[in-house]
Amino acid sequence: MPVVDAAWEEWLSSNVARGCSPDSMIDAMVQAGFAADAAHVAVHKTFGLNPADSAFAAAAATEAALAKAAPQTYQYDEPPVARGNLIRAYDRDVRVLMRCERPQVIVFADVLSPDECAGMIERSRHRLKRSTTVNPDTGKEDVIRNRTSEGIWYQRGEDPFIEKLDRRIASLMNWPVENGEGLQILHYGTTGEYRPHFDYFPPDQPGSAVHTARGGQRVATLVVYLNDVPDGGETTFPEAGMSVAARQGGAVYFRYMNGQRQLDPLTLHGGAPVLDGDKWIMTKWMRERAYG
Ligand code: PD2
Ligand code: ZN
């Protein structure tokens, strides 16, 4: 189990300064392998609150502490995605269903056709491996309980079909295709979930440097739903009180790094437990520079 060393103390204070909520910080620490009570104590000490005092949990105390921390607010500059209700993305017209400004989230329909979704599932089904999560201390990929799914990665442009999807998605996200990581396919069975997390690599966690050495920080994500999920499996944004249902061919885009390289804590997100059936998604993460 990790310990609250100097790097974690730095992470705690910078997250308080950025305006993260205590709950989101506790979630992130638990995701990184801390016991819930240890995370709870560390977070509340950083907020200058006494963890033994039951009043500290009261919303008023939390609000006061947040106000005192004088967060450096994330600046919402213009996202790169085109305006309008229909976007020509390389070889396909993609419909916009919803746009949210804070955090920057866009929901699309028709990113992939039903045949393309089925083709992606079929070519991936036999190659799945249990998914991993980045260990914040070491930067290595660990299999942990917070992510109960199986997945595979495709190399960028590894065959003409994958290359077409890489180009379509880069065009939709309006970000260079070279800055994209390879497509990842994930499969969740019933009860499978991915607890709330950030897709960016927290700058103050020791393990992040291993990942940002190639291509820099992640800037935005596109999650494409490859099947309809009968119940559960939404992509949730707990800080924004928002969730997106999985509809075949649809997708959710979210952007978390602005032009000043600030990171948006409101993009905390997760994959809710699948309550009926299973769930297939395809994810593209974009970096600030070429991901060579
Ligand atoms: O499965 C999802 O909806 C989901 C939600 C959030 C997947 C990811 N993040 C991810 O793969 O990062
Ligand atoms: Zn994610």
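FYI, side chains are in, hydrogens and waters are out, and symmetry mates aren't considered; it's all heavy atoms of this structure.
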Taking R99 first and then E101, would you say they form a salt bridge - that is, a charged N and a carboxylate O separated by under 4.0 Å?
no
Would a single hydrophobic cluster contain both I162 and V177, if residues Ile, Leu, Val, Met, Phe, Trp and Tyr are joined by side-chain heavy-atom contacts under 4.5 Å?
no
Sequence neighbours excluded, the answer for ring pair (Phe, Tyr, Trp, His ring centres under 6.0 Å) partners of Y76 is Y74
Quick one: pull up [atom1] in [X] and [atom2] in [Y] and give me the separation to the nearest 0.5 Å.
| X | Y | atom1 | atom2 | value |
| --- | --- | --- | --- | --- |
| R261 | Q217 | CZ | CD | 7.0 Å |
| I121 | I281 | CD1 | CD1 | 11.5 Å |
| R92 | L172 | CZ | CG | 11.0 Å |

Step by step, work out the side-chain contact (heavy atoms from CB on, under 4.5 Å) result for D264 and Q104.
CA-CA 9 Å; D264 184 1; Q104 288 176 330; 5.9 Å; no
Would you find a donor on one side and an acceptor on the other, under 3.5 Å apart, between the side chain of [X] and the backbone of [Y]?
| X | Y | value |
| --- | --- | --- |
| D77 | G259 | yes |
| S243 | T235 | no |
| H269 | P196 | no |
| D166 | G157 | yes |
| S208 | P202 | yes |
| H187 | I185 | no |

Non-hydrogen atoms of F237 and L266 that approach each other most closely:
CD2-O, 4.5 Å
Pairwise ring pair (Phe, Tyr, Trp, His ring centres under 6.0 Å) hits with a residue in residues 78-120, at least two apart
none
Aromatic rings Y200 and Y256: how do their planes relate, parallel, tilted or perpendicular, breaks at 30° and 60°?
tilted
Under the salt bridge (Lys or Arg N to Asp or Glu O under 4.0 Å) test against E181, which residue among R156, R214, R218 passes?
R218
